[in-house]
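All values below were derived from every heavy atom in this structure, side-chain atoms included, with hydrogens, water molecules and symmetry-related copies excluded. Just so it is clear, the structure is predicted and the values come from calculations on it, not from any experiment.
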Amino acid sequence: MQKNTESKLYDRDFNLWLEDTVTKLRRHDVDNLDWENLIEEIIALGKREKRELIHRLEVLLSHLLKRIYIDSAYDNRGWELTIKEQRRQLQLQLEQSPSLKKYLTEIFDDCWQYALTQVKLEYAKVPFPEHWDFSRDVEAILSQEFWLQ
């Protein structure tokens with residue numbers, strides 16, 4: 001296929017374009033790859049991984065805030081289940097892409113501020129700390145029951 005046809009396939013049927021690209025990669029048919037769209041898709045994959053990490057960390061931190069600072073026997077179990085699930089998904093993501101651990105530490109403060117802002121909107125009367133008062137170690141964030149300290 002010519003480059004113009006490749007690009008048209010990408011625009012017309014993304015799944016078929018993926019299958020065609022995989023076939024060409026397996027055959028080492030580098031001359032007929034749609035390089036422009038392939039590069040864009042690889043870049044997009046990396047961005048999606050980072051967005052997922054950000055989202056999961058924000059959800060984790062907001063539920064940690066609730067569980068640590070709000071005394072609600074009714075809600076505690078639900079918050080703990082969400083904490084457990086977000087931690088598990090983050091662990092899986094970091095096992096598959098260990099280089100994201102560094103990224104997690106880089107974005108921690110921004111995620112903390114976002115989570116804090118959201119939780120303060122929900123619970124305006126609760127005095128939340130302005131800074132994360134616990135370990136920032138990735139392993140601690142993904143395992144410690146901070147509400148027991």
So [Y] and [X], do their side chains get closer than 4.5 Å, heavy atoms only?
| X | Y | value |
| --- | --- | --- |
| Ser135 | Ile141 | no |
| Ile43 | Ile39 | yes |
| Tyr69 | Pro127 | no |
| Trp79 | Ile70 | yes |

Side-chain heavy atoms under 4.5 angstrom apart, residues restricted to Ile, Leu, Val, Met, Phe, Trp, Tyr: same cluster for [X] and [Y]?
| X | Y | result |
| --- | --- | --- |
| Ile83 | Leu92 | no |
| Tyr10 | Ile42 | yes |
| Phe14 | Leu25 | yes |

Going from [atom1] on [X] to [atom2] on [Y], what distance comes out if it is rounded to the nearest 0.5 angstrom?
| X | Y | atom1 | atom2 | result |
| --- | --- | --- | --- | --- |
| Ile68 | Asp133 | CD1 | CG | 8.5 Å |
| Asp11 | Asn37 | CG | CG | 6.5 Å |
| Arg48 | Leu53 | CZ | CG | 15.0 Å |
| Lys120 | Ser62 | NZ | OG | 14.0 Å |
| Leu60 | Leu64 | CG | CG | 4.5 Å |
| Asp20 | Leu16 | CG | CG | 6.5 Å |

Using the ring pair (Phe, Tyr, Trp, His ring centres under 6.0 Å) criterion, which residues pair with Phe128? Sequence neighbours excluded.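 Testing Phe128 for ring pair (Phe, Tyr, Trp, His ring centres under 6.0 Å), a comparison that skips the adjacent residues, returns none.
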
If we ignore hydrogens and angles and just use 3.5 Å, is the side chain of Lys24 paired with the main-chain N or O of Asn32 as donor and acceptor?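 Confirmed, Lys24 side chain pairs with Asn32 backbone.
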
Whether the side chain of Ser97 engages the backbone of Leu94 through a donor-acceptor N/O pair (distance < 3.5 Å, no angle test) should be reported.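 No; judged by distance alone, with no hydrogens or angles, the pair does not exist.
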
Do Lys50 and Tyr103 form a cation-pi contact, if we require the NZ or CZ to be under 6.0 Å from the six-membered ring centre and within 45 degrees of the ring's axis?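 Checked: cation-pi criterion met.
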
What residues, two or more places apart in sequence or in another chain, satisfy salt bridge (charged side-chain N to carboxylate O under 4.0 Å, His left out) together with [X]?
| X | value |
| --- | --- |
| Lys101 | Glu139 |
| Glu52 | Arg56 |
| Arg67 | Glu80 |

For residues Asp34 and Trp17, is any side-chain donor paired with an opposing acceptor at under 3.5 Å?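 Indeed, the side chains of Asp34 and Trp17 share at least one donor-acceptor pair under 3.5 Å.
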
Are Glu19 and Asn15 linked by a side-chain donor-acceptor pair shorter than 3.5 Å?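 Yes, a side-chain donor-acceptor pair sits under 3.5 Å.
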
Does anything in residues 108-118 form a side-chain hydrogen bond (donor to acceptor under 3.5 Å, both in side chains)? List the pairs, not counting sequence neighbours.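 side-chain hydrogen bond (donor to acceptor under 3.5 Å, both in side chains) check on residues 108-118 returns Asp109-Arg136.
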
Show the nearest heavy-atom pair for residues [X] and [Y], with the distance to one decimal.
| X | Y | answer |
| --- | --- | --- |
| Phe146 | Ala140 | CZ-O, 3.4 Å |
| Ala115 | Leu61 | CB-CB, 3.8 Å |
| Trp35 | Val30 | NE1-O, 2.9 Å |

Check this for me: Arg26, atom CZ, are more than 12 non-hydrogen atoms of other residues, nucleotides or ligands nearer than 6.0 Å?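 No, the 6.0 Å shell around CZ holds no more than 12 heavy atoms from other groups.
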
Pair Trp147 + Phe134: ring centers closer than 6.0 Å: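 No; Phe134 has its ring centre 6.0 Å or more from that of Trp147.
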
With Gln89 as reference, evaluate Glu85, Gln86, Arg87, Gln93 under the side chain to side chain donor-acceptor pair (under 3.5 Å) test and give the passing residue.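 That would be Glu85.
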
Cluster partners of Val59, using ILVMFWY side-chain heavy atoms under 4.5 angstrom, listed by chain and number?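 Cluster partners of Val59: none, it stands alone.
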
Go through the steps to decide whether Arg77 and Leu81 satisfy the test side-chain contact (heavy atoms from CB on, under 4.5 Å), and finish with yes or no. CA-CA 6 Å; Arg77 175 103 172 109; Leu81 289 173; 3.7 Å; yes

